[in-house]
*Asks:* 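Structure incoming, see below.
Every value quoted in this text rests on a predicted model; they were computed, and no experiment measured them. A, B, ... follow the sequence lines: proteins, then strands. Residue 1 opens every chain.
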Amino acid sequence: MRTSQYLLSTQKETPSDAEVISHQLMLRAGMIRKLASGLYTWLPSGLRVLNKIADIVRDEMNKAGAIEVLMPVVQPADLWEESGRWEEYGPELLRIKDRHQRDFVLGPTHEEVITALVRNEISSYKQLPLNLYQIQTKFRDEVRPRFGIMRGREFTMKDAYSFHMDSDCLDKTYQAMYKAYSNIFTRLGLDFRAVIADSGAIGGSVSHEFHVLAASGEDDIAFSSGSDYAANVEMAEAIAPEQTAVASGQPASEKAATQQSLEAFCEENGVSLAQALKLVMVKAHSEDEQNSDNWVVLALRADHTLNEVKAEKLPGIASPLQIASEDTAAALLNCPLAFANPLALELPLVVDHSAAALVDFVCGAGKADTLLTNANWTDKPESADIRNVVAGDPSPDGNGVLDIKRGIEVGHIFQLGDKYSKAMNCGVLSESGKHQTLTMGCYGIGVSRIVAAAIEQNHDKYGIIWPDPIAPFKVALIPMNMHKSQRIMEAAERIYATLTAQGVEVLFDDRKERPGVMFNDMELIGIPHSIVIGERNLDNQQVEYKNRRSGEKQLLDIEAVSDFIASL
RNA sequence: CGGUGAGUGGCGCAGCUUGGUAGCGCACUUGUUUUGGGUACAAGGGGUCGCAGGUUCAAAUCCUGUCUCACCGACCA
């Protein structure tokens, strides 16, 4: 490709509304342009990268035995009513009407459509297992699109759905997908981790997320230093500590807490927050809708934070989690929540494992502006895991301690079970001639998000540094002052023709620009290899090669260029 | 959806307080200059100031309404 015939669209200045580096660089490098909130046009360079990622995903999916299909973006509402998600999904599901006033949705995911397809097409156990996938546009009406392509409303996703007679078979496909995903992210040249995940609203049991590690990630991931344990912090188990500390036996005493806060009190009195107890009040789970105004108090060490995903899974607690306002709590307890006494509560109490192991701790005294010191549980309370793990916690598998890093979720695999197949009556005849509901798995990859994630992980102050497999072009050909030198033009044209004939993707910068402009543009776009042709080296029949990532330069004989590039 | 802020050529911004009919940098066009890291000079094209209404002799500027966008919180590939 010649830059003179291409839409390069680079810009010097960063649009003011781009916050994260990948968004800024994608705009500056001319990869995307915003059309409206969360909606982007892919320019040629961006599309090249997107397509390369899709090709790698497709290749690995095919190798893993999945079969590609393509389903519509627009889906009839009846399918969603059948699965129950017309009600469940909420405003993120964009609902539209056609000219006959029939309801449709823009597909945020395709469980309904694929299940409807399979129930019609598949009628025998002999046709199973089956794993179908597509690479296609999804639409989710995000409350708050941000970070450019990273959380757009319209995005490209690879979604696969597998169908099985039993969970053993599902497990085999799940493992195959796990392996395929690892292969994909390895081939993409990304630093990633597979982590244990919450299956969330989609339902199901077993679930893993694939995260690209980057400081700008939106998720916290916990890793073990001593094993390959890795989990989303939402899911990482905080194991109960050994009860080693013994109470001093001194009686609890009341102290005035004029500072109004536990933190200030602890600081002033030289008490670690890890020796103090804090409380959170949440709505209790109730079968009875009419009489649902019951509350539960949760107790945590003051240096820990509540894990809402864990808490709402407890049987006595309402899901989704509803946290009581300060006023509600104070009214029920007759004193501010911060000063309520967990040792003498009328309401049900759930104590975190770590909080339960405390002795001689600080907690509320049951009246305003008063705290207890040297408090102790009268009997060791029943405890549960309701906190977020922190760096330094022991790994749940018993090996090593946890560290926490930020990750960008680029893939997610689920064992769905029969949630959709049951609701939509998707089954086949088994070997014994009986109708049997199928078991499903689903496997997603955020293809467009990977573009942004790759940039977050691969950039420097000059711009993007693409890993070779997803670079928009492999080689940038940069002739110096070609318009003034016949022999430079001839050399450049010759190299361009040779490399192109070899199947190498070359971006030939044939603009009449100053060298600095060309260098800066090619570096901004992130082309991994460049060949610079100048008078100086041409005297020796040589050109200069420069590696974008390492910055290393070396001289090459012109005749050796194509072999050198082929060897990269 | 709640909180904050912003809408002025393609991009980044000034002007608004103290109304007088729009300006700067980048980009773009033409010419000269320069030539291994975003060269310099000159000439030029392009906006009616998000939209609607109001006040006024006069509105980018004041008032009212409305739309859009971004950032911070709860959801997600």
*Asks:* Which part of the nucleic acid, if any, lies within reach of A/G534 when heavy atoms closer than 4.0 Å are counted: base, sugar-phosphate only, or nothing?
*Replies:*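 Touches a base.
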*Asks:* Quick one: is B/A27 close enough that its OP1 or OP2 comes under 4.0 Å of any side-chain N or O from A/K12?
*Replies:*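 Yes, A/K12 has a side-chain N/O under 4.0 Å of OP1/OP2 on B/A27.
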*Asks:* Donor-acceptor pair under 3.5 Å: do we get one between A/E523's side chain and the base of B/G37?
*Replies:*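 Between B/G37 and A/E523, which were checked side chain against base, a qualifying N/O pair under 3.5 Å is present.
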*Asks:* Mind checking the P distance from B/C51 to B/C11? Whole angstroms is fine.
*Replies:*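 The answer is 15 Å between these two P atoms.
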*Asks:* Would you kindly check whether a donor in the side chain of A/K546 faces an acceptor in the base of B/G37, or vice versa, at under 3.5 angstrom?
*Replies:*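 Result: at least one qualifying N/O pair found.
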*Asks:* For B/C13 and A/S16 - does any side-chain N or O of the residue sit under 4.0 Å from the phosphate oxygens OP1/OP2?
*Replies:*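 Checking A/S16 against B/C13: at least one side-chain N or O falls below 4.0 Å of OP1 or OP2.
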*Asks:* What integer number of Å spans the C1' atoms of B/G38 and B/A27?
*Replies:*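 The answer is 12 Å between these two C1' atoms.
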*Asks:* Compute the centroid of each ring, for A/H529 and then for A/Y545, and state whether the two points are separated by less than 6.0 Å.
*Replies:*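 Yes, the ring of A/H529 comes within the 6.0 Å limit of the ring of A/Y545, centre to centre.
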*Asks:* Could you please name the option among B/G12, B/A70, B/U35 that lies closest to any side-chain atom of A/S37?
*Replies:*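 Minimum distance to the A/S37 side chain belongs to B/A70.
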*Asks:* Taking the cut-offs as 6.0 angstrom to the six-membered ring centre and 45 degrees off its axis, would you call A/R95 and A/W86 a cation-pi pair?
*Replies:*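 Because its charged atom sits under 6.0 Å from the ring centre and within 45° of the axis, A/R95 does stack over A/W86.
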*Asks:* Whole angstroms only, please: what is the CD-C1' distance between A/E111 and B/A77?
*Replies:*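 The answer, rounded to whole Å, is 12 Å.
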*Asks:* Any carboxylate oxygen within less than 4.0 angstrom of a Lys/Arg side-chain nitrogen, looking at A/E218 and A/R151?
*Replies:*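 Salt bridge flag = yes for A/R151 with A/E218.
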*Asks:* What I want to find out is whether A/R193 reaches A/D191 closely enough, with some N-O distance under 4.0 Å, to be called a salt bridge.
*Replies:*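 The answer is yes: the pair qualifies as a salt bridge.
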*Asks:* Would one find a side-chain N or O of A/S448 under 4.0 angstrom from OP1 or OP2 of B/A77?
*Replies:*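 No, outside the criterion.
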*Asks:* Please give, in whole Å, the distance from B/G38 P to A/D521 CG?
*Replies:*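 Rounding to the nearest Å, CG of A/D521 and P of B/G38 are 13 Å apart.
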*Asks:* Verify the contact: side-chain N or O of A/K34 to OP1 or OP2 of B/A70, cut-off strictly under 4.0 Å; return yes or no.
*Replies:*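 So the side-chain polar atoms of A/K34 do come within 4.0 Å of the phosphate oxygens OP1 or OP2 of B/A70, strictly under.
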*Asks:* If you measure from the ring centre of A/F519 to the centre of the six-membered ring in the base of B/G36, is it under 5.5 Å, with the planes under 30° apart?
*Replies:*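 A/F519 vs B/G36: stacking no.
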*Asks:* Answer with yes or no whether A/R146 presents, from its side chain, a donor or acceptor under 3.5 Å of a partner atom in the base of B/C71.
*Replies:*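 Side chain to base: no pair present.
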*Asks:* Has A/R514 got a side-chain N or O lying under 4.0 Å from the OP1 or OP2 atom of B/U35?
*Replies:*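 No, A/R514 has no side-chain N/O under 4.0 Å of OP1/OP2 on B/U35.
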*Asks:* With a non-hydrogen cut-off below 4.0 angstrom, is A/V532 in contact with a base, only sugar-phosphate, or nothing?
*Replies:*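 Result for A/V532 = base.
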*Asks:* Given the structure, check if the side chain of A/Q11 and the base of B/G10 hold any donor-acceptor pair shorter than 3.5 Å.
*Replies:*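 No, the side chain and the base share no sub-3.5 Å donor-acceptor pair.
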*Asks:* Report yes or no: is there a donor-acceptor pair, N or O only, under 3.5 Å between the side chain of A/D17 and the base of B/G7?
*Replies:*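 Absent.
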